[in-house]
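Heads up: the structure comes next, in structure tokens.
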Amino acid sequence: MDYKNLEKTDPDTLAIIQKEEKRQETELEMIASENYVSSAVLEAMASVLNNKYSEGYPGKRYYGGNQVIDEIEILAQTRAKKIFGAEHVNVQPLSGSPANAAVYMAFLKPGDKVLGLKLDHGGHLSHGHKVNFSGMLYDFVQYEVDEKTGYIDMDEVEKLALKEKPKMIVAGFSAYSREIDWERFKEIADKIGAYTFADIAHTAGLIAAGVMKNPVSYFDVVSTTTHKTLRGPIGAMIMCREEHAKKVDRAVFPGMQGGPHEHITAAKAVSFLEADTEDFKNYAKQTILNAQALSNEMIKLGYKVISDGTDNHLIVVDMNSKSLSGKEAEVVLENIGISVSRSTIPNDPNPPMNPSGIRIGTAALTTRGMQEKEMKQIAKWIDSSVGNKENPEYLENIKKDVEKLSKEFPLPSSK
Ligand SMILES: *Cc1c(COP(=O)(O)O)cnc(C)c1O
């Protein structure tokens with residue numbers, strides 16, 4: 001990027017930004033919720049749309065001068081509807097958690113019962129964890145994955161739903177590597193008249209590309225972040241059927257939020273256009289192939305991968321199989337320039353701050369052009385650094401190899 005004005009005004013801030021640029025260019029990003037956006041997305045975010053207040057919706061704003069802003073919001077909505085096949089979309093949610101807060105507000109009253117996937121089984125904080133607003137305001141009952149297979153146990157979900165009769169069933173995850181049986185969720189919800197809510201924050205890009213199943217046409221409501229596999233700016237959106245449009249819009253504004261971030265809306269529009277291309281489809285396909293290659297190699301090297309593989313962009317690895325904790329593994333890998341996140345495993349014997357696993361994602365590196373061959377190499381580096389974790393010299397040498405590979409695959413924004 002060109003920073004000639006920042007350089008004059010605030011060299012201190014610029015120095016930090018450039019340090020982070022260098023870190024991103026020389027290290028490997030394997031946090032499953034991250035990605036690298038294009039220069040076009042970055043430019044839209046840096047635009048004068050930042051200067052405008054636009055509470056309300058196109059044609060119904062609470063501030064003057066929004067004729068042009070209306071155009072950008074409508075463009076983002078139109079493109080989102082096209083790539084997901086949605087009837088209605090709200091592109092204003094500031095991020096995934098506020099989007100989910102708005103979804104609950106639209107469909108539920110505080111105290112209502114909701115079914116969601118348990119955090120240590122791959123769910124998200126906003127799916128009913130007790131330290132999160134969702135668990136404080138609503139009466140969440142949590143379903144789990146089958147301990148042996150690592151797959152969501154749909155018969156258990158059905159049993160729990162029939163017994164508890166929740167008003168809403170949430171399907172979605174942050175650390176689960178299998179296709180979701182959306183149809184079965186819908187069938188179960190229909191038996192008890194519950195609302196269906198899909199949170200596709202992680203796999204939205206894979207769904208938009210058509211390489212994973214899409215719940216949008218028959219679920220009541222679907223939320224997603226725009227910055228994970230979808231590869232847009234940090235933000236979120238909510239899609240729903242027309243019949244729910246009014247209550248969803250009202251929950252986002254004035255229910256949950258004030259003014260939307262229209263420079264981010266513009267960047268969302270750009271990323272939706274990018275997601276509607278052959279290039280993006282190829283990226284989505286390759287992301288899954290890469291996760292599968294990584295998983296196979298890790299299994300070969302003696303690691304326990306939860307559910308023994310993956311259908312999407314991520315794997316969860318049980319580090320108990322190598323006698324170290326997820327946090328220790330995270331630190332060792334940080335030392336060689338590979339970022340991953342510690343993760344709970346199903347029925348984790350250890351606490352969430354020091355869980356047993358790590359979650360590894362392939363979307364970001366696939367964006368940089370890496371393929372199966374690089375994934376195998378990375379698995380080998382992960383294994384040998386774990387095996388030599390007490391040997392700083394050894395780790396330093398691997399870090400150099402990581403940096404060399406990293407430089408061969410520049411960020412999309414530095415090409
Ligand atoms: C990442 C994520 C969110 C939250 O997104 P933030 O933008 O971090 O608030 C919500 N739900 C799921 C399933 C996620 O993975």
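Note that ligands are numbered from 1 as they come in the structure, with each ligand's atoms numbered from 1 the same way.
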Checklist entry - Measuring from each atom of ligand 1, which residues have a heavy atom under 4.0 Å away? => result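 Answer by chain and number: S95, G96, S97, N100, H124, H127, F173, S174, D199, A201, H202, T225, H227, K228.
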
Item to check | Side-chain donor-acceptor contact under 3.5 Å, N347 with H121 | outcome: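 Per modelled atom types, N347 and H121 side chains form a pair under 3.5 Å.
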
Checklist entry - Is it the case that D348 and S356 place a side-chain donor and acceptor less than 3.5 Å from each other? => result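 Checked: D348/S356 side chains pair up, N/O donor to acceptor below 3.5 Å.
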
Checklist entry - E179 and D311: which non-hydrogen atoms are nearest, and at how many Å? => result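 Closest pair (atom of E179, atom of D311, distance): N-OD2, 2.8 Å.
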
Checklist entry - Do F185 and Y143 have ring centroids that are under 6.0 Å from one another? => result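 Close enough - the centres of the two rings lie under 6.0 Å apart.
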
Next on the checklist: Suppose we call two aromatic rings close when their centres sit under 6.0 Å apart. Are H244 and F107 close by that rule?
Outcome noted: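 Yes; F107 has its ring centre under 6.0 Å from that of H244.
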
Item to check | Step-by-step ring-ring contact (aromatic ring centres under 6.0 Å, His included) determination, F197 to Y104 | outcome: CA-CA 9 Å; F197 168 26; Y104 299 138; 5.8 Å; yes

